[in-house]
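So you know, we letter chains A, B, ... as the sequences are listed, proteins then strands, and number each from 1.
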There are 2 protein chains.
Amino acid sequence: MRIGELSRLTGASRRLLRYYEEQGLIVPDRGANGYREYDDRYVDRVNQIRGLLDAGLPTRIIKQILPCLDKPRSIHFPDATPEMLALLASERDRLTERIDVLIRNRDAMSEYLTEVARCRALEPGSSH
Amino acid sequence: MRIGELSRLTGASRRLLRYYEEQGLIVPDRGANGYREYDDRYVDRVNQIRGLLDAGLPTRIIKQILPCLDKPRSIHFPDATPEMLALLASERDRLTERIDVLIRNRDAMSEYLTEVARCRALEPGSSH
DNA sequence: CTTGACCATCACATTTATGTGAACGTTTGA
DNA sequence: TCAAACGTTCACATAAATGTGATGGTCAAG
């Protein structure tokens, strides 16, 4: 498929898809006319990239950990250097910390919301 | 305490503390000389802000949800408008989605790492 | 009183992830 | 063949979170 199609399927603008390419996150083939050619797997790949970006990882890190995450499963193996593994581990730990912070804050929000709901339920006029 | 002290305690640069103020996230008092005066609770507050920023929330959202999270607990009440509550709920949901993405990716990383470790353990020469 | 460690404001720089538009080639269908 | 829809590159713009430096006020200790 070409860039417009992939854009539609992933929700990423064409511009953004070119940006991801510029950052080395995706490397589409080129047709004879110079058009980018993407195969189906790019849909998942782009979605995963967007998820990681949304999660706050910068592209330069994503670039390094992506190869570990999108191998067709079951074909993973040591083209991974020790440095890469160390990076991956440290990035995973950072991710874990971040997840904890997020969970704590989400729970605080939830708690506050249910609390307010409870108060509302007791308010005068609420039975109207 | 003044800005330098707070900076030391939180790890946020002075510049950043002024930025948070500019964004309306914190509102320190001013001494007679114009110096910012922070009381102890700002340490927690700033740390929470940094956590939320690191979690990917933009300052304009943080500004809206902070009042819900840092009230001295047990004194929460309906100075909250319905719009604010709706915003808070939607932001909580967005946070939940984000958390899910993060967890999935972290687990994938972990899985990959343990897998590689397992392979390494079986490699020739590993018993050296 | 001066020096050094603070504080203040203002302004300009940078990085990252995006948007927008110009200028121009390609493909496709009426 | 002509227009619409799509592709290309290049370049400039922006918002967010920070850094950096200029210029100057305040204050405590020597």
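- Among the heavy atoms of the strands lying under 4.0 Å from A/Arg2 are primed sugar atoms or P, OP1, OP2 only; no base atom is included.
- Contact of the B/Met1 side chain with the B/Asp40 side chain is registered, since non-hydrogen atoms from C-beta on lie closer than 4.5 Å.
- Residue-to-nucleotide proximity on DNA chain D shows that, of B/Arg60 and B/Ser13, the 5′-proximal contact is made by B/Arg60.
- Side chain B/Arg15 to base D/dT20: a donor-acceptor pair is found below 3.5 Å.
- To the nearest angstrom, P of C/dC6 lies 15 Å from CG of B/Leu6.
- In this structure, CZ of B/Arg30 is placed 10 Å from C1' of C/dT9, rounded to the nearest angstrom.
- Between A/Glu97 and A/Arg94, none of the side-chain N atoms (NZ, or NE/NH1/NH2) sits under 4.0 Å from a carboxylate O, so this pair counts as no salt bridge.
- Between B/Arg60 and B/Glu91 there is no salt bridge, since no side-chain nitrogen of the basic residue lies less than 4.0 Å from a carboxylate oxygen of the acidic one.
- Side-chain contact check for A/Arg92 versus B/Asn105: every heavy-atom pair is 4.5 Å or farther apart.
- Scanning atom types as modelled, one donor and one acceptor separated by under 3.5 angstrom connect the side chain of B/Tyr35 and the base of D/dG25.
- Residue order along DNA chain C, read from the 5' end via each residue's closest nucleotide, puts A/Leu16 first among A/Leu16 and A/Asn33.
- Regarding A/Leu53, its CG atom lies at a distance of 10 Å from the C1' atom of C/dT16, rounded to whole Å.
- Side-chain proximity of A/Arg36 to D/dT9, C/dT18, C/dA8: nearest is D/dT9.
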